[in-house]
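Atoms within a ligand are numbered from 1 in the order they appear, just like the ligands themselves. Quick note: numbers below take in every heavy atom, side chains included, and nothing from hydrogens, waters or symmetry partners.
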Amino acid sequence: MLAVKVYRREAEKVRKKLLETGVLARGYSVKREGEYVLFPIVRPVEGFEIVEVEFEKIPKRPHSYREIVDVPENLKSLLPSSFDIIGDLAVIELPGELMPYGKDIGDAILRVHGHIKGVFAKGSKVSGTYRVRELIHLAGERRTETIHKENGIRLKLDISKVYFSPRLATERMRLFERVNEGEVILDMFAGVGPYSILLAKKAKLIFACDINPWAVKYLEENKRLNKVENVIPILGDVRKVTGQIKADRIIMNLPKFAHEFLGEAIISVKSGGIIHYYGFSHEKNLFGEHEEKIMLVAHELGKEVKILEKRKVRPYAPHQFNIVIDFAVF
Ligand code: SAM
C-alpha cells in the first residue's frame, strides 16, 4: 500500500496534516524505519516522498460483548444491549433461553470490559422489605462486595445483600442541585446512602434510615469512606422516628410502597418543606393516582400540598416507569 515517508522529527506534524486532509489510512499500524516514519495513505499527496509498503492491520476492539459471544444464531437477537455495572461487577438480565449460555455471555463481558471482574445474572425480581434480588454467578470472581463510584462519592456495598441501582445517579444529582445549604433532611429509605452521602455535602444534617441491617452497616462504612460526619444512620422501621423529626426535605425512595408512608412523611416535614415521592406507574397514567393519594393523605392530616415537579425517572418494565413527584407541604 502507499505510504508517506518522513523524518521522525516531522512525523507528528505530518500525521496531523494527513489526518486533517483525510489522506491517512485508518486501521493500520504506523511503521518506523531507522530515522524515518511511514504513514499509510489512501491516495498520493504532493510534497512528500511516496513509497510502497506493507502495513499491519490494527485488530479491531469489539465495542460490545454481543460481537464476540458464541450463542446460536437464532438467539442472538435476545442478547441484552445493556447491563448494570456496579463498581467492578456486572449484573445482566437474561431471558430463560439464554441462561444455558450464561457462562459464555459472562466471559464475553469480561473480555470486552477489562474493568469488570465478576458477572451475575438477575435471578429474580427485586422483592421483600429489603428490596433485594437473587443473583446467579455467570463468570469471573464470585465476590459480591464492591465499591461503586457515582457523582463524586464512593459507595461500598454487597449487591446480594442490599438494594442499589446505578440508574438513579442522574436523579440523585437532580436532588443535590435542589438542596439548599443548612437543610435538615430525612432520607426515609436510605439504603447504603447514595442520596444521603451525596446530599451531606450541602445539607446541615441528614437522618438516614433503613430497616436492612446490611444497608446500615454499609452506610456507616460509606460515611467513613467519604469522610462525611453529618449523616445519622438509623437502623429500623422508619415509622419509629417519623413524627419526632422535623425536616426541610424528605426523600421517599421506596417506589413500590412509598404511598403507604405518605402520612409518616407529611407529619415529619416542616411547613413549606419538600417531599420527593417515588412511585411506579403505567405510561397511560404516570402521575394521576399518586397525586390523588398525596392530596387525600394531606387533606386527612389538615395540610395543603403544592406540586412542584413531576418527572419520569427511568423505565422500569415494559410500559412502566419509575416516577418522582416533588411537592411542598403547608
Ligand atoms: N435510597 C436507596 C438507594 O437509592 O439505593 C435505597 C432504596 S431501596 C428502593 C428501599 C430501601 O428501603 C431498602 O434498602 C429497604 O431496606 C428500605 N426499607 C423498606 N422498608 C423500610 C421501612 N419500613 N423503614 C426503613 N427502611 C425501609
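- Residues satisfying the ring pair (Phe, Tyr, Trp, His ring centres under 6.0 Å) test with Phe120, not counting sequence neighbours, are His137.
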List, pair by pair, the atoms of ligand 1 and of the protein that are both N or O and lie under 3.5 Å apart, giving the separation rounded to 0.1 Å.
| unit_1 | atom_1 | unit_2 | atom_2 | d |
| --- | --- | --- | --- | --- |
| ligand 1 | 1 (N) | Phe189 | O | 2.8 |
| ligand 1 | 1 (N) | Asn253 | ND2 | 3.2 |
| ligand 1 | 4 (O) | Arg172 | NH1 | 2.9 |
| ligand 1 | 4 (O) | Asn253 | ND2 | 2.8 |
| ligand 1 | 14 (O) | Asp210 | OD1 | 3.3 |
| ligand 1 | 14 (O) | Asp210 | OD2 | 2.7 |
| ligand 1 | 16 (O) | Asp210 | OD1 | 2.7 |
| ligand 1 | 23 (N) | Asp237 | OD1 | 3.1 |
| ligand 1 | 24 (N) | Val238 | N | 2.9 |
| ligand 1 | 26 (N) | Ile211 | N | 3.2 |

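- In this structure, the ring of Phe189 has its center no less than 6.0 angstrom from the ring center of Tyr163.
- Side chain to side chain, Glu283 and His319 meet the donor-acceptor criterion of an N or O pair below 3.5 Å.
- Applying the salt bridge (Lys or Arg N to Asp or Glu O under 4.0 Å) test to pairs two or more places apart or on separate chains, those with a residue in residues 308-324 are Arg174-Glu309, Arg178-Glu309, Glu291-Lys310, Glu309-Arg311.
- Legend: salt bridge (Lys or Arg N to Asp or Glu O under 4.0 Å) pairs involving residues 91-120, not counting sequence neighbours, sorted by first then second residue: Glu93-Lys122, Lys103-Asp107.
- Open room surrounds NE2 on His299; 12 or fewer heavy atoms of other groups in view lie less than 6.0 Å from it.
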